[in-house]
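Residues take their numbers from the sequence shown, with the count starting at 1.
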Amino acid sequence: MAAPQPVPSGDRPRPVFSRLYARISEGMDAEGLAALRTELLAPLSGTVVEVGCGNGRNFARYPPAVSRVTAVEPEPHLRALATRAAAAAPVPVTVVPGTAEALPVPDAAADAAVLCLVLCSLPDRATALAEIARVLRPGGTLALLEHGLGPTRRVRAVQRLADATLWPLLAGGCHTAVDPVGLVERAGFEVTALRRLRFPDSRLTLPATSHVLGLARRPA
């Protein structure tokens, strides 16, 4: 029997979840996530670092003002799908391995960074946001679309229960009781635009229904 191959440094394989996510992401886009992706990316220009690009569903929605995207993804199957998606993107996209906590990007190399449904599953959010600040030029933009804390005590109690039980196991390490805006502000970013929303916008409130979409600026 052949010896098992070592996992490349920085890779975080999730073979079951990655294949499930690749399927459900299409349905999520059809439910309205595609329009939110467009809204998220529309203000961006210049060079962009996308952190945790998944299977590359954002790539088709980058505006012409973006000159180049470096997309970082640690999950091998999703990275392979993202590489295929990059070939059809309207702007140049390079997909690279790496983690949010150690971005393979030089200091102050990007005009903008993108976090799209990523913070919830990061092992070390503070380090990841410090890395984003490192790779952004002074005054650079962070665009984020993330789910997070619900609006009421009851919803937040359900989120904490979900995080302590099966939700992270079923959702690729995702945690729902996360405060994206607070994390970004504590990392030293200035939030310049913010919209709170429900996705999907249905009567049923799930632990991951509450979202924020906005922009933040790295201080000059």
Side-chain angles (χ1 to χ4, degrees), residues 5-15 17-19 21-22 25 37 40-41 43-63 65-146 172-174 178 180 183-184 186-189 215-220:
Q5 295 298 307
V7 175
S9 176
D11 272 10
R12 291 176 178 164
R14 295 185 182 273
F17 174 76
S18 64
R19 284 157 176 80
Y21 180 79
S25 61
R37 295 183 194 274
L40 171 73
L41 303 174
L44 304 185
S45 61
T47 57
V48 176
V49 174
E50 183 172 341
V51 180
C53 67
N55 54 339
R57 300 294 296 186
N58 282 335
F59 296 168
R61 303 184 178 278
Y62 275 101
V66 169
S67 58
R68 184 177 73 255
V69 178
T70 299
V72 181
E73 175 52 52
E75 206 295 315
H77 179 68
L78 292 177
R79 188 167 65 238
L81 295 178
T83 300
R84 295 181 203 170
V91 302
V93 178
T94 302
V95 181
V96 297
T99 66
E101 297 87 357
L103 294 171
V105 179
D107 294 356
D111 297 302
V114 174
L115 284 171
C116 184
L117 306 181
V118 173
L119 280 176
C120 62
S121 60
L122 294 182
D124 188 341
R125 301 179 187 97
T127 297
L129 286 164
E131 273 290 275
I132 291 172
R134 178 185 66 79
V135 305
L136 279 175
R137 63 168 175 78
T141 298
L142 170 59
L144 69 152
L145 171 58
E146 297 285 346
C174 168
V178 175
L183 287 166
V184 166
R186 286 193 292 276
F189 289 88
L215 301 172
R217 185 178 69 89
R218 180 197 164 186

Could you grab the distance from atom [atom1] of [X] to atom [atom2] of [Y], nearest 0.5 Å is fine?
X    : Y    : atom1 : atom2 : answer
L44  : E50  : CG    : CD    : 10.0 Å
L142 : R217 : CG    : CZ    : 12.5 Å
T99  : E73  : OG1   : CD    : 10.5 Å
L119 : L145 : CG    : CG    : 10.5 Å
L144 : L215 : CG    : CG    : 8.0 Å
L129 : L115 : CG    : CG    : 6.5 Å

Main-chain N/O of D111 paired with T47 side-chain donor or acceptor, under 3.5 Å: yes

Main-chain N/O of G46 paired with S67 side-chain donor or acceptor, under 3.5 Å: yes

If we only count heavy atoms from C-beta on, is the [X] to [Y] side-chain gap below 4.5 Å?
X    : Y    : value
R125 : V178 : yes
R218 : F189 : yes
S25  : N55  : yes

For a quick test of reading the model, state the closest non-hydrogen atom pair linking [X] to [Y] and the distance between them.
X    : Y    : answer
L136 : A113 : CD2-N, 3.6 Å
P15  : E75  : N-OE2, 4.1 Å
P123 : R12  : CD-NH1, 3.4 Å
A220 : P138 : CA-CB, 3.7 Å
G56  : A85  : O-CB, 3.9 Å
V91  : V66  : CG1-O, 3.5 Å

Enclosure of R68 CZ (heavy-atom neighbours >12, cutoff 6.0 Å): no

side-chain contact (heavy atoms from CB on, under 4.5 Å) evaluation trace for R134 with L103: CA-CA 9 Å; R134 178 185 66 79; L103 294 171; 4.2 Å; yes

For R37, side-chain contact (heavy atoms from CB on, under 4.5 Å) partners two or more places apart: Y21, D29, L33, R57, N58, R61, C116

